[in-house]
Every structure is written in structure tokens, then in C-alpha cells.
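The figures here come from the full heavy-atom set of this structure, side chains too, leaving out hydrogens, waters and symmetry mates. Small disclaimer: the values here were computed from a predicted structure and weren't measured. Reminder, nothing fancy here: chain letters follow the sequence lines and each chain counts from 1.
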Amino acid sequence: MSQPAPKTPWWNDRANRAILYQVAVVGLVVLAGWYLISNTLANLAARNIATGFGFLVREAGFAIGESPIAFDPADSYAKAILVGLLNTIVVAVLGVILSTLIGTIVGVARLSGNWLVSRLATVYVETMRNIPVLLQLLFWYALITEGLPEPGDAFKPIEGVFLSNRGLKFPTPDWSGLEWLVLAALALGVILAFLLSRWARLRQAATGQTFPSIRIGLALTLALPLLCWLLIGAPTAFDRPQLDGFDFSGGHSVSPEFVALLTGLTLYTASFIAEIVRSGILAVAPGQTEAALALGLKRGQVLRLVVMPQALRVIIPPLTSQYLNLTKNSSLAVAIGYPDLVSVSNTTINQTGQAIEGVAILMAVYLIVSLAISAFMNWYDKKTALVGR
Amino acid sequence: MSDQSSHNPKTASEIASHVEEPSQAELHTHRRNAFAGLGWARDNLFSNIPNTILTVLSVALLVWAAPPLLDWMLLKATFLNEDPAACREAGGACWSFVTVKHRFILFGLYPYDEHWRPLLAMALFIAALAISCDSRFWNMRIVYVWGLVLPVCGILMWGGWLGLTFVPNDKWGGLPLTLILATLGIVLAFPLAVLLALGRRSDMPAIRAICVGYIETVRGVPLVSVLFMASIMFPLFLPEGLTIDKLLRAQLGIMLFTAAYLAEAVRGGLQALPKGQYEAADALGLGYWQKTRLIILPQALRLVIPPIVNQFISCFKDTSLVIIIGLYDLLTTAKTALADPSWRAFYVESYVFAAFIYFLFCYFMSRYSQYLERRLNAGLRR
């Protein structure tokens with residue numbers, strides 16, 4: 001830079017070269033893209049396939065086995081895809097919750113001083129994570145559909161619950177349409193408990209006074225639904241599944257596909273989460289625990305106030321990618337016939353021939369879901385991150 | 001004793017205590033040996049009440065699960081009797097299913113009399129993988145090894161030369177196909193991954209944007225959708241009259257998918273290099289490519305070998321997804337072997353057999369990657 005300018009020709013100047021390179025690369029990418037798109041358009045024209053998203057409003061004409069919202073073959077493709085997305089979300093959310101629970105337990109068990117427990121946990125982790133998840137899904141699906149008895153001889157682990165090759169059936173409360181009130185009360189209790197703990201934390205930070213927010217919060221979450229249940233007259237009626245010919249009627253049923261998918265995804269992801277939890281806890285120096293104990297904190301407080309916040313900082317980034325993996329792996333549902341997003345899109349593509357649009361919607365939706373999860377986890381990570389100097 | 005002797009270090013008692021100490025320790029070890037099992041059990045299984053409860057529960061679990069499992073797996077199992085009825089009678093695992101079907105599960109639709117070819121190709125592949133694990137080959141030699149092994153495997157698999165009959169690649173299947181898809185997936189993705197990682201670290205905004213866009217898009221979508229795209233859309237991308245077969249499509253899909261993940265691993269290595277290395281290279285007056293080729297990549301790539309091995313493990317497991325687009329990999333053959341009506345009931349045996357093969361590969365590779373990490377860290381710890 002300090003050299004006299006005329007000595008460097010313009011194409012040897014660093015800034016100019018950077019622009020040149022970038023123009024060249026972008027040009028190449030655009031050219032390649034244009035080539036592919038023009039080929040595609042020519043091919044589509046040759047095969048008489050119309051492009052565009054117009055097919056979305058047409059009648060789907062196929063039924064979907066299970067759906068959180070009512071779906072009829074007369075509904076549109078757009079609604080079918082929405083149902084697929086909802087099914088994916090249901091599996092992903094339940095899978096994330098269950099695999100976090102199991103993974104945490106197994107991860108802590110691997111660190112246990114109890115030799116037997118830590119060995120069992122190690123065997124679990126090594127087996128699960130070294131076998132492809134798709135193989136596990138097929139295995140569980142085969143086990144449920146071929147290994148479990150017919151509805152007539154279904155297993156009855158608890159009265160009213162049936163496990164057969166048609167899936168899992170369990171009773172649901174039948175309180176003359178007022179069940180939702182109890183659920184709403186539960187949700188309200190959870191929200192109130194959350195607000196309470198927030199208030200207590202802020203007050204403790206400001207004044208140093210403590211408040212038994214956990215106990216009172218727990219009481220709130222339990223008492224509100226209970227009160228609500230008493231208010232609607234303490235009903236005890238249940239809609240029990242009944243064996244009716246070859247299958248059950250009544251109660252709530254969960255399909256074999258859903259059970260297999262959820263079991264496979266949960267057990268597989270839990271083995272990875274276990275390793276993450278283990279490394280997170282190991283990352284907290286033992287001096288931290290000792291120092292906290294020396295300050296006179298109780299065991300529970302040490303875990304809650306000293307170890308967990310530091311372990312979480314190590315745990316959260318890899319945990320995020322496991323949640324993302326679980327969500328993406330739920331796409332394997334297509335192999336066992338659970339109507340998730342991929343499965344429904346696949347049917348749509350086969351029926352309409354709109355391959356490009358179908359794959360584009362599929363990818364776009366997964367991208368949005370992935371970005372949403374990572375945005376949320378980044379926000380949470382920032383919240384728990386060390387406030388640096 | 002030590003309190004008194006501390007005043008005068010040369011007292012007899014001090015000397016005595018020095019002599020005494022080893023003998024006491026010896027006594028201790030004697031006692032420990034005699035009660036080794038008991039002491040160990042007390043320390044590791046019954047140190048306190050919750051621990052004891054956990055031990056009792058675990059033992060109960062083992063007592064409940066292990067004998068029936070052992071019964072099923074070994075004692076009541078059928079191994080060689082090639083009659084499905086005999087299996088049902090015995091009531092245990094029907095390993096004769098594996099005895100009957102293992103050729104199909106391992107090699108798929110490959111012509112039966114030519115199975116020695118994929119077997120030999122597989123042996124070469126595994127040998128080449130084993131050689132790649134040796135750090136003495138982490139230079140140009142590894143390129144020569146694979147440059148030799150891949151064509152030989154190609155000749156063995158395809159044939160049509162040296163008196164071998166031609167076998168089109170839609171007849172390939174089983175474990176060789178899984179190995180080929182996974183290994184080529186990583187090998188072909190590697191150059192692309194290095195370019196993407198360098199691009200993501202580049203100062204040029206347009207190049208960075210393209211690389212970030214590619215990496216994040218691919219990492220945000222499931223492999224299934226990439227395979228769908230590969231199987232449905234690749235044929236549309238090509239000009240009229242040009243076709244691309246199913247195996248190559250899947251291979252390209254796996255490669256493009258793996259490249260994005262591998263690029264992030266390589267980027268980790270690039271970021272882990274001390275800044276001084278970049279600055280020193282600049283100070284020597286090296287251009288960008290000289291700097292990258294001679295200074296940066298040789299160091300960065302060594303750092304990322306464990307993550308690359310991990311990526312290979314997940315790529316190996318992920319190849320099982322090609323079942324969805326109808327390729328005959330190990331999982332598909334294990335599933336297809338069950339289509340035979342007389343053996344339909346033995347799905348557990350079939351999946352356990354396939355799972356065992358996957359497990360062997362993945363377990364040893366993950367062990368290897370852990371060993372590498374320890375070794376690399378030992379070097380860094382100094």
C-alpha cells in the first residue's frame with residue numbers, strides 16, 4: 001500500500017482482484033444454475049408437465065391415516081401438506097422431550113459411581129448410536145406389527161390400556177366435553193408458576209430475599225386443575241377402548257407407525273444426548289463443587305446454582321444439533337408409512353407429477369423448522385452464556 | 001508419631017517410620033488382595049443406600065432379562081438346520097435364517113457364482129480403510145493407495161474385462177454397496193468440502209455468501225429430501241437424451257450432503273490454527289493458494305481427522321437411507337430377505353444380523369476416532 005501506485009497494474013491490485021474473482025465465481029454459479037434450469041424447463045415441456053404451485057388448491061383425493069386436525073380426501077393438497085407438517089411436529093416435539101429425559105438419565109448413569117449402573121448405561125449408548133436409526137425404526141415397526149398379538153389377545157399392562165399389533169389404545173377422560181377446562185387450568189398453572197419463579201428470581205437479585213417458588217409453583221400447577229375438576233363436579237367417566245370385532249373402538253389410539261417412529265427416534269437420539277450430558281457435567285471443574293460446598297450451599301443448591309448453569313453452557317450447542325437431527329430424522333417416517341411431511345409430499349409428487357414444487361416445498365419447510373429451532377436455541381444459549389468482560 | 005518427629009528429622013522414630021511405611025502399605029495391599037472382590041464391591045456397588053438400591057435394581061433387571069435373552073440367542077437357537085419348521089419348534093432364535101440367507105444379505109442381487117468378486121473388492125476396501133487409519137500414510141501415499149484400490153474394485157465389481165463377466169451396477173447390493181456409497185461419499189465430498197470451508201472463511205462477501213448458503217441449506221434439510229431430489233430431479237437437470245443411473249444419483253446426493261457437514265469440520269480445523277500461522281505465511285510473501293496449500297491445509301487437516309472419522313461413521317449409517325429410493329444396500333437386503341414367505345417370521349434375526357455388521361464397523365471406527373483424539377490432544381498438551 002505504501003508503494004507508489006503506478007507500479008502496480010490494476011489487475012494486480014488486491015481489491016480489484018477480489019472483485020474479479022467474485023464476479024467470476026458468481027457468474028459461474030449463475031451460469032450453472034441457468035443451464036440446469038433451462039434443461040429442466042425443456043425436459044418438463046417435453047413431458048408436458050405444467051409448472052407452478054396451482055396444484056396446491058386442487059383436491060388431494062387421498063386419505064391420511066392419522067392427523068391432529070380433521071382431514072378429508074376432498075380437502076386440498078395444501079391442507080394435506082399441513083397435516084404432514086403437523087404430524088412431523090408432533091413426533092419431533094414428543095421425541096425431543098422424551099429423548100432429553102432418557103438421555104439425561106443415561107448420561108448421569110454413565111457417570112455414576114455404581115459400576116453396574118454405569119456399565120449398563122455404556123452398553124445402551126454404544127449399542128444405540130452404532131446402529132443406523134432407520135434399521136432401528138424398521139425393527140420396532142416389525143416388532144409391533146408382527147411380534148405383538150392380535151387385538152383379541154392384546155397385552156393389558158394397566159386396566160383399560162391395550163397394546164396390540166394395531167398400536168396402543170388407552171382410555172381418555174369423557175367429562176361431557178369439559179376436559180379442556182382442566183387442561184386450560186393446567187396450562188394456566190404452568191404459566192403462573194413460571195411467572196412466579198421469574199418474579200422470585202428478580203426479587204432475590206434486587207433484595208436478597210428468597211421465596212419458595214418451586215414448592216408454590218408446583219402446588220399451583222397441581223391445585224388449579226384439581227380445583228377446576230372439582231368445580232365441574234368431579235367426574236370420573238372414561239371413554240374406554242372396547243374390543244369390537246377385530247379392532248378396538250373408543251378411547252384414544254396411537255398407530256403402530258407412530259409408536260415405532262417415536263420409540264426408534266427417542267432411543268437413538270437419547271444415546272447421543274447421554275454423551276453430551278456426560279461431557280457437559282465432566283466439563284465442570286471439581287473445584288466448583290468443592291467451593292460451593294465450602295460456601296455452605298446444600299447438595300441440591302450446588303447442582304442447581306453452580307454445576308448446572310456451567311454444564312448447560314457446554315451442553316446446549318451440541319444439544320441443539322441433536323434436536324435438529326431428531327427433527328430431520330423424523331423424515332424417515334416415510335419408510336414405515338407414518339404420514340409425516342415427507343410421506344405426504346411423496347404421495348403428492350406421485351399423484352401430481354409436480355416433483356420440483358414438491359421437493360421445493362419439502363426443503364423449504366424443513367429449512368424453516370430448522371432455522372426456527374436453531375434461532376430458539378441460540379436465544380437460550382445467549383441467555384445462559386457467560387457474560388464476558 | 002510424625003508430629004513428634006517433625007521437630008527433629010533425624011530421630012530414630014522418624015527413620016523407623018520411614019522403614020515402617022512401606023511395610024504398612026504392603027500389609028494393606030495384602031489385605032486388599034484377600035478381600036479385593038469385597039472391597040471393590042463395597043466401593044463400587046454398595047457405597048451408600050441409594051447406590052445399593054440402584055445395584056439391586058440393576059441386578060434384578062439383569063436377572064429378569066438376561067436368562068431369556070441367553071436362552072433365545074444361544075441355548076434354544078437353531079444354527080444350521082435349514083428348515084424353518086425346525087426353528088419354530090426349537091423356540092429360540094433362528095440363526096439358520098442367516099445361514100440360508102447370508103449370501104443374499106451380504107451381496108444382494110449380484111450373480112451368485114460371482115460372489116467372490118464383491119467379497120474380494122470388500123476385503124480390498126477394508127484393507128485400504130485400515131491402511132488409511134495408519135498415520136504413516138497421511139500424506140500423498142494415501143492418495144496412491146486409494147488410486148490403486150478404487151480402480152481394482154471397479155474392475156472386480158463391474159467386470160467385462162480380463163475374462164470377468166460384466167455385472168451392471170443395478171445388480172450390486174449388500175455390504176459392498178454400503179461400503180462404496182459411504183467411502184466414495186466421503187472421498188468425493190472431501191475436495192468440495194475443503195473449497196466450501198475455505199470459501200466460508202474468505203474475505204470476499206459474494207463467495208462467502210454462496211458457501212454459507214450452500215452449507216446451511218444442506219444442513220437444514222434431511223438427507224431423505226436430498227435423496228428424493230437426487231432421484232427425482234437430477235434426471236430433469238440433464239439435457240435431453242442423457243440419463244444418469246440410480247446408483248450414481250444416490251452417490252451424488254450423498255456426496256453433496258456429506259460435503260456440507262464435512263466443510264464445517266474442516267472449518268473447525270481452519271479456525272483452530274493459531275493466527276500466527278496465517279500471518280507468518282503472509283509475511284513470507286506467499287500468495288493465497290501457496291499459503292493454503294503449503295502452510296494452512298497440511299496443519300488444519302491433521303486437526304480435523306477425528307471429526308472426519310466421525311463424519312464417516314454417520315455417513316456409513318446414513319447410507320441405509322437409500323432403501324427409500326430402492327437401492328439394494330445392506331439394510332434393504334436384510335429387509336428383502338424377509339419377503340420369502342417361509343422365513344417371514346424371523347425379522348428379528350435378519351435385523352439383528354444387519355445391525356451387528358453396522359455395529360462392528362461403527363464401533364471400531366468410533367473407538368479409533370477416540371484414540372486419535374487422545375493422541376492429538378496428548379500432542380497439544382505437551
Practice problem: Heavy atoms only, distances under 4.5 angstrom: which of A:Asn346, A:Thr327, A:Val23, A:Thr127 has the most pairs with chain B? Name it, please. | Solution: A:Asn346
Quiz item: Which bit of B:Leu54 comes within less than 4.5 Å of chain A, counting heavy atoms only: side chain, backbone, both or neither?
Solution: both
Quiz item: Stepwise, does the side-chain contact (heavy atoms from CB on, under 4.5 Å) test hold for A:Leu143 with B:Tyr347?
Solution: CA-CA 8 Å; A:Leu143 198 69; B:Tyr347 57 91; 3.8 Å; yes
Exercise. Nearest 0.5 Å please: distance from the CG atom of B:Asp203 over to the CD atom of A:Gln22.
Key: 9.5 Å
Quiz item: From A:Ser321 OG over to B:Arg219 CZ, what is the distance, rounded to the nearest 0.5 angstrom?
Solution: 8.0 Å
Quiz item: With a 4.5 Å limit on heavy-atom distance, are the side chains of A:Val342 and B:Phe228 in contact?
Solution: yes
Quiz item: Among A:Leu367, A:Leu362, A:Val359, which residue meets the side-chain contact (heavy atoms from CB on, under 4.5 Å) test with B:Val221?
Solution: A:Leu367
Quiz item: Which region of A:Ile356, side chain (C-beta onward) or backbone (N, CA, C, O), has a non-hydrogen atom less than 4.5 Å from a non-hydrogen atom of chain B, or is it both or neither?
Solution: both
Self-check item: Verdict with reasoning, B:Ile324 to A:Val334, per side-chain contact (heavy atoms from CB on, under 4.5 Å)
Solution: CA-CA 8 Å; B:Ile324 289 164; A:Val334 67; 3.7 Å; yes
Quiz item: Rounded to the nearest 0.5 Å, what separation is found between the OH atom of A:Tyr21 and the OG atom of B:Ser202?
Solution: 11.0 Å
Quiz prompt | B:Ile210 vs A:Val29, side-chain contact (heavy atoms from CB on, under 4.5 Å): CA-CA, chis, key distance, verdict | solution = CA-CA 9 Å; B:Ile210 291 173; A:Val29 169; 4.0 Å; yes
Self-check item: Working for side-chain contact (heavy atoms from CB on, under 4.5 Å), residues B:Leu236 and A:Leu36
Solution: CA-CA 8 Å; B:Leu236 293 175; A:Leu36 295 180; over 6 Å; no
Practice problem: Considering only heavy atoms and a distance below 4.5 Å, find which of A:Ser331, A:Ala355, A:Ala360, A:Ser118 pairs most often with chain B. | Solution: A:Ser331
Quiz item: chain B: which of A:Ala109, A:Pro132, A:Ser370 shares the most heavy-atom pairs with it under 4.5 Å?
Solution: A:Pro132
Quiz item: Does a side-chain heavy-atom distance below 4.5 Å link B:Met365 with A:Asn130?
Solution: no
Quiz item: Is it the backbone or the side chain of B:Met233 that comes under 4.5 Å from a heavy atom of chain A, or both, or neither?
Solution: side chain
Quiz prompt | Atom pair CG/CG of A:Asn329 and B:Leu223 - distance to nearest 0.5 Å | solution = 9.5 Å
Self-check item: OG on B:Ser350 to CG on A:Leu135, rounded to 0.5 Å
Solution: 8.5 Å
Quiz item: Given side chains that start at C-beta, do those of B:Thr55 and A:Trp115 come closer than 4.5 Å, heavy atoms only?
Solution: no
Quiz item: Do B:Asp318 and A:Leu134 touch side chain to side chain, with heavy atoms closer than 4.5 Å?
Solution: no
Practice problem: Looking only at non-hydrogen atoms, find the nearest pair between A:Glu126 and B:Ser366 and report the distance. | Solution: OE1-OG, 4.5 Å
Quiz item: Should B:Tyr363 and A:Arg129 count as side-chain neighbours, where that means a heavy-atom distance under 4.5 Å?
Solution: no
Quiz item: Where is the tightest heavy-atom contact between A:Asn43 and B:Pro235, given as atom of each residue plus distance?
Solution: ND2-O, 3.8 Å
Self-check item: A:Asn114 vs B:Thr52 side-chain heavy atoms within contact, under 4.5 Å
Solution: no
Quiz item: For chain A, which residues from residues 326-335 of chain B have at least one heavy atom closer than 4.5 Å to it?
Solution: B:Leu331, B:Lys335
Quiz prompt | Interface moiety of A:Leu138 toward chain B, non-hydrogen atoms closer than 4.5 Å | solution = both
Quiz prompt | Top contributor to chain A contacts, counting heavy-atom pairs under 4.5 Å, from B:Thr217, B:Val352, B:Leu61 | solution = B:Thr217
Quiz item: What part of A:Ile349 gets closer than 4.5 Å to chain B, counting heavy atoms only: side chain, backbone, both or neither?
Solution: side chain
Quiz item: Measuring from B:Tyr358:OH to A:Gln136:CD, what's the distance to the nearest 0.5 Å?
Solution: 12.0 Å
Quiz item: Side chain, backbone, both or neither: which part of A:Arg119 has an atom under 4.5 Å from a heavy atom of chain B?
Solution: neither
Self-check item: chain A contact via B:Thr319 - side chain, backbone, both or neither, heavy atoms under 4.5 Å
Solution: neither
